[in-house]
Amino acid sequence: QLVESGGGLVEPGGSLRLSCAASGFTLDNYAIGWWRQAPGKGREEISCINYPDSGTKYADSVNGRFTISRDNSKNPVYLPMDIVIPEDTGVYYCGTVWRAIACVHTSVTYWGQGTQVTVSS
């Protein structure tokens, strides 16, 4: 089971930190991705930290503002979000892909339930 946390209401220009924690297994053999779904839109991949070397990838829309990281297999994967804009509003999901160098949503093994992020003044 994956559990996301850290969402909420934030003003434009502010910051949030999302967390993705695993229950019942460890994350060390997985690539971990973050996707978001804005109202009325499809699910968009925004960041991925791959297996085995923890290389990172970002969508152009968040590059330079969001940073994906993990410390070790037992800790959550984090997504600090800085300089947020209204277009960052949506439900954020994390997902695991077994021993992968890329986060392909059709290959996700586990999905979290999502956490809502709303950017508004």
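Residues: numbered from 1 along the sequence shown.
Between H105 and W111, some side-chain heavy-atom pair lies under the 4.5 Å cut-off. Using a 4.5 Å cut-off on side-chain heavy atoms (C-beta onward), L2 and F25 make contact. Between N50 and K57, the closest side-chain pair of non-hydrogen atoms is not below 4.5 Å. When side chains are defined from C-beta on, E11 does not count as touching V84, because their heavy atoms never get closer than 4.5 Å. With a 4.5 Å cut-off on side-chain heavy atoms, L79 and S47 count as touching. Using a 4.5 Å heavy-atom threshold, the side chains of W98 and N29 count as touching. Counting only heavy atoms from C-beta outward, the side chains of V119 and I85 never approach each other to under 4.5 Å. At least one side-chain heavy atom of C103 sits less than 4.5 Å from a side-chain heavy atom of E45.
The environment of D60 atom CG is sparse: at most 12 non-hydrogen atoms of other residues, nucleotides or ligands sit within 6.0 angstrom.
Atom CH2 of W34 sits about 12.5 Å away from atom SG of C48, to the nearest 0.5 Å. How far CD1 of I32 is from OH of Y51: 12.0 Å, rounded to the nearest 0.5 Å.
Minimum heavy-atom separation, S15 to D82: OG-OD1, 2.9 Å. The two residues R65 and D88 make their nearest non-hydrogen contact at NH1-OD2, 2.7 Å.
Linking Ile, Leu, Val, Met, Phe, Trp and Tyr whenever their side-chain heavy atoms come within less than 4.5 Å leaves V108 and I68 in two separate clusters. Residue L18 is not grouped with residue W35 when hydrophobic side chains (ILVMFWY) are merged at heavy-atom distances under 4.5 angstrom, including chains of intermediate members.
Side-chain atoms of S23 never come within 3.5 Å of backbone atoms of Q1 as a donor-acceptor pair (strictly under, hydrogens ignored). The main-chain N or O of Y58 is never found under 3.5 Å from a side-chain atom of N63 such that the two would form a donor-acceptor pair. For the pair Q113 (side chain) and V3 (backbone), a donor-acceptor distance under 3.5 Å is absent. At distances below 3.5 Å, not a single donor-acceptor pair connects side-chain atoms of E4 with backbone N or O atoms of T115. Between the side chain of E44 and the backbone N or O of R36, no donor-acceptor pair lies under 3.5 Å. Here the side chain of R70 pairs a donor or acceptor atom with the backbone of L27 at under 3.5 angstrom.
Classification of the Y92-F66 ring pair by plane angle, with boundaries at 30° and 60°, yields tilted.
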